Amino acid sequence: MTDIDKLTGLFEALGADDASGWAESEAEENIPQLARYRFLRMVWQDIDAWSSAAPDWIAAYRKEGLASGAVERAVQLGLTPGELGEIAREVAKETAFGLLHGLADPADGDLPPEVEARLPGWCLAELSPEGEPTGRILGALHEDLDEVEPQGPAGGVA
């Protein structure tokens, strides 16, 4: 079994639609695609939870929290848990995109260039299965966020 076959099997186990494409990219371009895919898959699980778990968070937010009044008014106006879940999912997706973009490019333009030039940045780095740094960076994750979006139902409720 080749490295590409092993990688393809791991991508398939994670549910990648184009497992062989991801595996070939990692093997041929030395891009940590498996780590990228795994991370983005986790991000999508969190995003989708806003839709699939809408009845739970709506019930909790109606009882207490900063959004309790707004959630209660939305329910009273007739919005269903499914509708509120889809709104929340979209907000979560936009937030995730913004965070991933900021991870790749922390300069947001609100500071003078001479200050930006002196500020630290950050990165997300790949670790081996044994927990050792591989030296490969998971850069520009925001570019693949939509690529990893689950293609089936978002899991919302009626």
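Below, each value reflects all heavy atoms present in this structure, side chains not excepted, and no hydrogens, waters or symmetry copies. Values in this document were obtained by computation on a predicted structure and should not be read as measured data.
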With rounding to the nearest 0.5 angstrom, report the [atom1] to [atom2] distance, [X] to [Y].
X      : Y      : atom1 : atom2 : result
Gln45  : Arg41  : CD    : CZ    : 4.5 Å
Leu14  : Leu40  : CG    : CG    : 11.5 Å
Leu111 : Glu116 : CG    : CD    : 4.5 Å
Glu86  : Leu84  : CD    : CG    : 10.5 Å
Trp57  : Ser51  : CH2   : OG    : 9.5 Å
Glu72  : Lys63  : CD    : NZ    : 12.0 Å

Do you know which two heavy atoms are closest between [X] and [Y], and how far apart they sit?
X      : Y      : result
Pro106 : Gly121 : CG-CA, 4.4 Å
Ala23  : Ile4   : CB-O, 3.8 Å
Arg36  : Ala140 : NH2-O, 3.5 Å
Ala104 : His142 : CB-CE1, 3.7 Å

Hey, quick one: are [X] and [Y] part of the same hydrophobic cluster, counting side-chain heavy atoms closer than 4.5 Å, chains of contacts allowed?
X      : Y      : answer
Leu145 : Trp122 : yes
Trp44  : Trp50  : no
Ile137 : Ile31  : no
Ile87  : Ile47  : no
Leu99  : Leu138 : no

Are side-chain heavy atoms of [X] and [Y] found at a separation under 4.5 Å?
X      : Y      : value
Leu10  : Trp22  : no
Lys93  : Asp146 : yes
Asp48  : Pro150 : yes
Cys123 : Leu103 : no

### Query
CG of Leu119: more than 12 outside heavy atoms within 6.0 angstrom?
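Yes.
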### Query
Does atom CD of Glu114 have more than 12 heavy-atom neighbours, drawn from other residues, nucleotides or ligands, at distances under 6.0 Å?
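Count over threshold, so yes.
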### Message
Can a side-chain donor-acceptor contact be found between Gln76 and Arg73 if the only test is distance below 3.5 angstrom?
### Response
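No, Gln76 and Arg73 have no side-chain donor paired with an acceptor closer than 3.5 Å.
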### Query
Are Arg136 and Glu26 ion-paired here, with the side-chain N under 4.0 Å from a carboxylate O?
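The answer is yes: the pair qualifies as a salt bridge.
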### Task
Determine yes or no for a side-chain-to-main-chain donor-acceptor pair under 3.5 angstrom, with Tyr37 supplying the side chain and Ala16 the backbone.
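Checked: pair present.
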### Task
May I ask you to decide if Gly21's main-chain N or O and Ser25's side chain share a donor-acceptor pair within less than 3.5 Å?
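Side chain of Ser25 to backbone of Gly21, a donor-acceptor pair under 3.5 Å: no, none is there.
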